[in-house]
Amino acid sequence: MNAGSPELTVVVPTRNERDNITPLLARLRGALGGIRWEVIFVDDDSPDRTAEVVRELGVQDVRVRLIERLGERGLASACVAGVAASAAPQVAVMDADLQHDVRLLPQMLRRLQAGGLDVVVASRYVAGGSLRGLPPRRARLSRLAVHLARAFPRVRLADPMSGFFAIRRAAFDAALPRLSQLGFKILLDLLLSAPRPLRCVEIPYQLAQRHHGASKLDTPTLLQFAVLLTEKLAGRFIPLSLVLFVCVGGSGLLVHVAALYVLVSAGAVFATAQSGAVLAAMTSNFLLNNLVTYRDLRLRGWRWLRGLVSFYAVCCVGAVANVSLASLVYRATPRWWLAGLSGAALGAAWNYLASRGLTWQSWPRAARGRRPQASARPTRR
């Protein structure tokens with residue numbers, strides 16, 4: 001390592017954190033005296049122009065760097081982009097909301113430099129730590145997420161959902177090919193993706209109150225957390241998108257039955273009610289697949305409308321294939337359950353493959369473990 005290169009890179013994902021950037025930088029300067037450090041803000045195209053504030057500060061301080069991600073969203077993937085842009089042997093990840101105590105960073109760095117550890121985690125669930133900065137509802141969600149995460153044998157931390165930790169760059173790089181980059185917590189993804197169990201230690205911290213901005217925890221984020229757990233349970237043998245597509249299809253069946261009941265109860269003839277129920281189920285499936293299954297290829301604007309039309313077309317062809325194969329099987333072997341399953345399997349396979357290639361056009365980007373794309377735009381010196 002060159003004498004002037006940073007010992008520590010602090011990666012801070014941002015989305016509408018304009019008012020927090022200057023005080024956070026002041027805290028970093030005060031806490032990291034005597035340490036060669038840099039901070040990389042990874043901004044997801046914030047409407048409040050967070051990136052402009054960072055860019056102005058970067059002109060004044062060469063330790064401040066910026067990556068702007070245009071058309072991409074997600075705290076976990078933003079962290080990956082920031083770490084990938086760093087050359088420091090140790091990297092810390094923290095939020096921009098001023099809830100994390102930056103005074104812990106020197107201790108975290110020393111623990112990593114001493115050897116024998118891969119990750120130092122600032123924990124809210126060990127003695128001396130607390131969730132005092134979280135509203136009651138958020139605190140309950142946090143405890144539930146921790147409980148679910150600790151069901152994995154590899155997860156031995158009290159706070160695997162912490163957003164404040166430091167890691168050796170070599171340990172991060174080893175886990176990178178298998179990272180899902182989903183949701184709002186990258187630490188759990190690292191723990192479950194590393195080729196060997198990571199050597200971790202936890203130090204206590206008390207989560208402070210948020211003064212500016214708003215929490216990024218919303219329904220799509222919670223769904224992405226569930227997706228992350230599903231992927232790690234499914235393993236590498238079954239494509240996660242297939243698992244999610246089948247689950248979404250199951251929910252579509254419930255929508256179909258509910259819509260059919262409502263329409264028939266309203267006096268519609270059965271043929272009309274059945275057609276309306278099919279349309280409702282296909283629409284529901286498209287919305288959920290766009291939100292969850294293909295979240296990284298999410299369609300918006302006119303592309304959303306074109307995607308919906310193409311999804312209808314794909315599902316109509318799948319329905320014809322389903323009925324045709326089921327009829328052939330039933331004529332050959334009059335077992336209704338076998339014929340039904342055969343047709344359903346063909347229809348589901350067609351819908352999955354065709355919608356993946358035509359509606360979401362995911363074939364060129366289907367490889368797992370990809371590194372951040374070149375859409376990031378670094379600050380100019």
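Every heavy atom of this structure was used, including side-chain atoms; hydrogens, water molecules and symmetry mates were not.
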Distance (rounded to the nearest 0.5 Å) between [X] [atom1] and [Y] [atom2]:
X: Gln107; Y: Asp101; atom1: CD; atom2: CG; result: 10.0 Å
X: Leu279; Y: Met282; atom1: CG; atom2: CE; result: 5.5 Å
X: Leu109; Y: Arg36; atom1: CG; atom2: CZ; result: 10.0 Å
X: His256; Y: Asn285; atom1: NE2; atom2: CG; result: 11.5 Å
X: Arg15; Y: Asp48; atom1: CZ; atom2: CG; result: 8.5 Å
X: Leu25; Y: Leu57; atom1: CG; atom2: CG; result: 5.5 Å

Path from [X] to [Y] over hydrophobic side-chain contacts below 4.5 Å:
X: Val255; Y: Val262; result: no
X: Val317; Y: Leu328; result: no
X: Leu305; Y: Trp360; result: yes
X: Trp302; Y: Leu308; result: yes
X: Ile35; Y: Ile203; result: yes

Is the closest side-chain heavy-atom distance between [X] and [Y] below 4.5 Å?
X: Leu157; Y: Leu187; answer: yes
X: Pro89; Y: Glu7; answer: no
X: Arg199; Y: Arg168; answer: yes
X: Leu117; Y: Cys200; answer: no
X: Val80; Y: Leu179; answer: yes
X: Phe311; Y: Asn289; answer: yes
X: Tyr125; Y: Arg143; answer: yes
X: Arg49; Y: Arg18; answer: yes

Using only heavy-atom distances, determine whether the side chains of [X] and [Y] contain a donor-acceptor pair under 3.5 Å.
X: Tyr312; Y: Thr283; answer: yes
X: Tyr294; Y: Arg298; answer: no
X: Ser193; Y: Asp189; answer: yes
X: Arg69; Y: Ser77; answer: yes

Just by distance, do the side chain of [X] and the backbone of [Y] share a donor-acceptor pair under 3.5 Å?
X: Ser162; Y: Asp159; answer: no
X: Asn290; Y: Leu299; answer: yes
X: Arg169; Y: Ser86; answer: yes

- Task: May I have the step-by-step check of side-chain contact (heavy atoms from CB on, under 4.5 Å) for Phe164 and Val93, ending in yes or no?
- Result: CA-CA 6 Å; Phe164 186 20; Val93 172; over 6 Å; no

- Message: Testing Thr50, Asp44, Asp97, Asp43 one by one against Thr14 for a side chain to side chain donor-acceptor pair (under 3.5 Å), which residue passes?
- Response: Asp43

Shortest non-hydrogen contact from [X] to [Y]?
X: Pro160; Y: Val146; answer: CD-CG1, 4.0 Å
X: Pro6; Y: Ala88; answer: O-CB, 3.6 Å
X: Ala174; Y: Pro177; answer: O-CD, 3.6 Å
X: Leu98; Y: Pro23; answer: CD1-CG, 4.0 Å
X: Ser251; Y: Leu288; answer: OG-CD1, 3.4 Å
X: Cys315; Y: Asn351; answer: CA-OD1, 3.5 Å

- Message: The test is side-chain contact (heavy atoms from CB on, under 4.5 Å); show your working for Val121 and Val201 and say whether it passes.
- Response: CA-CA 6 Å; Val121 179; Val201 69; over 6 Å; no

- Task: Begin with the C-alpha distance, continue with both residues' side-chain angles, and end with the deciding distance and a verdict on ring-ring contact (aromatic ring centres under 6.0 Å, His included) for Trp304 and Phe286.
- Result: CA-CA 10 Å; Trp304 183 93; Phe286 172 78; 5.6 Å; yes

- Message: Looking at Asp61 and Arg29, is there a salt bridge between them, counting it only when a charged N and a carboxylate O are closer than 4.0 Å?
- Response: yes

- Task: Inspect the contact between Arg196 and Asp118 and indicate whether a charged nitrogen and a carboxylate oxygen are less than 4.0 angstrom apart.
- Result: yes

- For Phe172, which residues count as a ring pair (Phe, Tyr, Trp, His ring centres under 6.0 Å) partner, sequence neighbours excluded? none

- Message: Go through it in stages, so that I can follow the logic: the residues are Val120 and Phe165, the test is side-chain contact (heavy atoms from CB on, under 4.5 Å), and I'd like the CA-CA distance, side-chain angles, deciding distance and then a yes or no.
- Response: CA-CA 6 Å; Val120 179; Phe165 63 93; over 6 Å; no

- Checking side-chain contact (heavy atoms from CB on, under 4.5 Å) for the pair Arg65/Glu38: CA distance, chi angles, key distance, verdict? CA-CA 8 Å; Arg65 299 172 57 193; Glu38 67 176 354; 3.2 Å; yes

